[in-house]
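Source: prediction; values computed, not measured. Letters A, B, ... mirror the listed sequences (proteins, then strands); counts begin at 1.
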Amino acid sequence: MTEKLSYRFGRNEKLKSRKAIEQLFARGKSFNLFPYRIVWQFTNETGALKAGVSAGSRHFKKATDRNRIKRLSREVYRINKHKLYNQLIVENKGMHVFFLYQGKELPDYIFLKEKMEAAINKLVKLCNEKRETNS
RNA sequence: UCUAUCAGCCGGCUAUCGCUUUAUUCUUAGGAAUAGAGAGGAAAGUCCGGACAGCAAAGGGCAACAUACCGGUUAACAGCCGGCUUUUUGGCAAAACCAAAAAAGAGACAGUGCCACAGAAAAUAACUAUCCCGUUACAUUCGGGAAAAAGGUGAAAACGUGAGGUAAGAGCUCACGGCAACUAUUGGUAACAAUACUUGCGGGUAAACCUUAUGUGCUGUAAUGCCACGUAAACCAGCGUUUGAGGGCGGCUCGUCCGAGUUGGAGGGUAGGCAGCUAGAUUUUAGCAGUAAUGCUAAGGCAAGAUAAAUGAUAGCCACCCCGAUUAUUUCGGGGCAACAGAAUCCGGCUUAUGGCUGAUAGAUUUU
RNA sequence: GGUCCUUUGGCCGAGUGGCUAGGCACAGCUCUGCAAAAGCUUUUACAGCGGUUCGAAUCCGCUAGGGACCU
């Protein structure tokens with residue numbers, strides 16, 4: 001039953017507040033997983049998983065290309081985020097995540113899908129480690 | 001078949017999942033269900049022009065900026081349409097003429113500046129050479145005078161050709177021709193064109209400064225108005241309270257208005273929401289006016305509104321295109337599904353980027 | 001979204017419309033047993049297109065790239 005809900009990616013699950021984003025970049029932790037750089041941070045609200053996506057205008061000058069990357073990234077995140085969500089429910093925590101596209105070429109769907117799965121797995125793993133060290 | 005110009009179009013359906021928004025209903029302020037809508041010709045560049053909003057009123061002058069043949073069009077324009085003139089190219093041996101293209105196309109008889117190299121000289125004019133007179137046996141040299149023609153250069157050189165004239169020469173005079181200006185007449189709304197008369201012929205550059213004429217108040221939807229939240233109405237320093245600090249959104253100044261605070265430092269807080277915000281100088285067709293741009297009338301159609309920023313992903317089928325097999329149609333298999341590109345207040349233009357298909361026109365080539 | 005500025009060799013940087021200075025770097029030579037330093041020599045440029053002009057790095061227009069400011 002939660003499977004059906006988990007494919008949604010609505011307004012409340014996007015990082016919108018400018019303040020929250022600034023805090024995330026100031027205090028959050030990060031790791032690189034090509035082509036993404038992932039910035040993340042725990043929050044206290046249970047099950048509040050918020051995410052954002054960006055593609056810099058340094059490598060992609062045209063707005064069309066940037067839109068394309070952001071759309072594909074959002075789509076791929078939407079399909080794969082349920083693992084992370086379930087893990088957070090178990091952990092009783094929330095999380096802010098930001099995906100920065102760092103590559104220099106336009107990706108395709110299959111490539112991004114593989115990379116996003118790997119990234120989500122790594123985030124889930126990080127959750128586990130955190131619990132172990134905490135407890 | 002190719003090239004150029006103009007006009008139009010660029011996928012459709014199904015399934016699964018998803019985004020933004022509108023209406024209704026439900027639940028309750030978080031949302032859910034149903035139905036509908038959801039990106040271009042350039043949405044881009046921000047190069048022009050407006051609408052709209054604010055600045056007390058939107059005032060004078062200077063400065064600054066823009067425009068610059070004429071007429072029309074428009075809400076407005078540096079846009080568009082038509083005409084004039086000039087230049088270039090082609091047709092022709094050349095001119096006239098025709099066709100096409102381009103023009104930031106006012107003024108160089110207001111003034112200032114610049115014109116490298118070469119050349120006597122790049123504009124008052126000077127120099128060389130020429131001629132005459134004096135000196136001298138003659139010539140040279142030297143002194144005085146004449147006139148402004150000749151001087152190889154250069155992108156550009158003092159109206160051109162011929163004749164007369166003269167000591168030698170010279171638009172000095174004459175004939176033919178060229179150019180410019182004034183005036184008159186005719187045609188044209190006008191720019192301008194043609195003709196006649198008179199006068200005069202010493203260059204270019206205004207996309208150098210500039211002059212003249214005309215226009216522009218400035219800032220821009222992150223404008224502006226409202227609501228909510230929060231801090232420090234505190235601290236230090238300067239100036240000032242009618243002897244007026246400071247301010248009134250580009251600069252200076254005049255005028256005028258507000259006026260008790262204001263400027264800087266260090267530091268603190270907030271960075272949320274609503275309106276503006278999408279239905280209009282709109283578009284298609286027909287008729288009328290006009291050479292045209294465009295305008296008027298009638299009927300119909302259309303109509304995104306996000307804010308870390310929506311319009312997407314996957315799979316399949318059809319349509320379309322390409323390639324291969326097959327005897328043409330057909331059928332089968334494989335591939336592609338397009339280029340340039342993504343609204344951010346809205347319009348009218350301009351510029352730039354652009355693949356494919358269809359139609360029209362023009363040109364070229366081949367075949368009949 | 002809006003308002004402006006700028007572009008000259010590999011790098012920095014000057015340049016009234018008339019042959020694009022200079023410095024560093026690179027390369028070669030001299031010097032040295034070898035290098036460094038020093039000296040000499042050479043190569044490589046006006047962002048692109050179009051216009052005005054006899055002639056554009058310069059003036060004008062368009063395009064491209066880079067940068068700054070407004071919050």
Scanning all shown strands, the Watson-Crick or wobble mate of G215(B) with both distances under 3.5 Å is C65(B)
Kindly indicate whether the side chain of Lys125(A), heavy atoms from C-beta on, has any atom under 4.5 Å from the side chain of Asn121(A).
-> no
Could you check how far CD1 of Ile69(A) sits from P of A309(B), rounded to whole Å?
-> 15 Å
For the residue pair Leu88(A) and Met95(A), what are the closest heavy atoms and their distance?
-> CD1-CB, 3.8 Å
Interatomic distance where CG belongs to Leu112(A) and P belongs to G312(B) [whole Å] | 17 Å
Which whole-number value in Å describes the distance from Glu75(A) CD to C17(B) P?
-> 13 Å
Rounding to the closest angstrom, what is the interatomic distance between U285(B) and A319(B) at atom P?
-> 32 Å
Within 45° of the six-membered ring axis of Phe31(A) and under 6.0 Å from that ring's centre, is NZ or CZ of Lys122(A) located there?
-> yes
Expressed as a whole number of Å, how far does the P atom of G188(B) sit from that of A286(B)?
-> 38 Å
Do Leu126(A) and Phe42(A) touch side chain to side chain, with heavy atoms closer than 4.5 Å?
-> no
Report the distance from atom NZ of Lys113(A) to atom P of C17(B), rounded to the nearest whole Å.
-> 16 Å
Euclidean distance, atom CZ of residue Arg78(A) to atom P of U16(B) [Å, nearest integer] | 14 Å
Grab the CG-P distance between Asn80(A) and U314(B) for me, whole Å please.
-> 14 Å
For U28(B), what is the paired nucleotide under Watson-Crick or G-U wobble rules, both distances under 3.5 Å?
-> none
Pairing partner (Watson-Crick or G-U wobble, both distances under 3.5 angstrom) of G272(B) | C227(B)
May I ask you to verify whether the side chain of Arg74(A) and the base of C19(B) hold a donor-acceptor pair under 3.5 Å?
-> no
Residue matched to C201(B) through Watson-Crick or wobble contacts both under 3.5 angstrom | G178(B)
With syn defined as a glycosidic torsion within 90 degrees of 0 and anti otherwise, which applies to G225(B)?
-> anti
Rounded to the Å, how far apart are Phe111(A) CZ and A313(B) P?
-> 18 Å
Please figure out whether Val53(A) or Leu72(A) has its closest RNA chain B nucleotide nearer the 5' end.
-> Val53(A)
Which atom of Ser73(A) lies closest to which atom of Val53(A), heavy atoms considered = CB-CG1, 3.8 Å
Rounded P spacing from U86(B) to G45(B) in Å = 44 Å
Provide the distance between the two C1' atoms, one in G348(B) and one in C323(B), to the nearest whole Å.
-> 49 Å
State, to 0.1 Å, how close Lys81(A) and Arg78(A) come at their nearest heavy-atom pair, and which atoms those are.
-> CG-O, 3.8 Å
With both distances under 3.5 Å as the test, what is the Watson-Crick or G-U wobble partner of C52(B)?
-> G220(B)
P-based separation of C9(B) from U219(B) [nearest Å] = 40 Å
Using atom P of each nucleotide, how far apart are C114(B) and C209(B) to the nearest Å?
-> 15 Å
State the pairing partner of C6(B); accept Watson-Crick or G-U wobble contacts with both distances under 3.5 Å, and report none otherwise.
-> G359(B)
Name of the residue among Phe99(A), Tyr85(A), Phe98(A) meeting ring pair (Phe, Tyr, Trp, His ring centres under 6.0 Å) with Tyr77(A) | Phe99(A)
If the glycosidic angle is within 90 degrees of 0 it's syn, otherwise anti, so just tell me which one G41(B) is.
-> syn
Could you state the atom-to-atom distance from OH of Tyr77(A) to P of A308(B) in whole Å?
-> 17 Å
Verify the contact: side-chain N or O of Arg68(A) to OP1 or OP2 of A341(B), cut-off strictly under 4.0 Å; return yes or no.
-> no
Which heavy-atom pair separates Asn80(A) from Met116(A) by the least distance, and what is that distance?
-> ND2-CG, 4.1 Å
Any Lys29(A) side-chain heavy atom under 4.5 Å of Trp40(A) side chain | yes
The Watson-Crick or G-U wobble partner of A45(C), with both key distances under 3.5 Å, is none
Sort out the partner of U262(B) for me: Watson-Crick or G-U wobble, both distances under 3.5 Å, none otherwise.
-> G238(B)
Integer angstrom distance from the C1' of C132(B) to that of A167(B) | 6 Å
Which value, in whole Å, describes the distance between the C1' atoms of nucleotides U46(B) and A64(C)?
-> 15 Å
Check: protein-nucleotides 39-43 of chain B nitrogen or oxygen pairs below 3.5 Å:
residue	atom	partner	partner atom	Å
A39(B)	N6	Arg71(A)	NH2	2.4

When every non-hydrogen atom of Leu112(A) is compared with those of Val76(A), the smallest separation belongs to O-CG1, 3.7 Å
RNA chain B nearest-nucleotide lookup for Ile79(A) and Ala51(A): closer to the 5′ end is Ile79(A)
Syn or anti for A29(B), please, going by whether the chi angle lies within 90° of 0.
-> syn
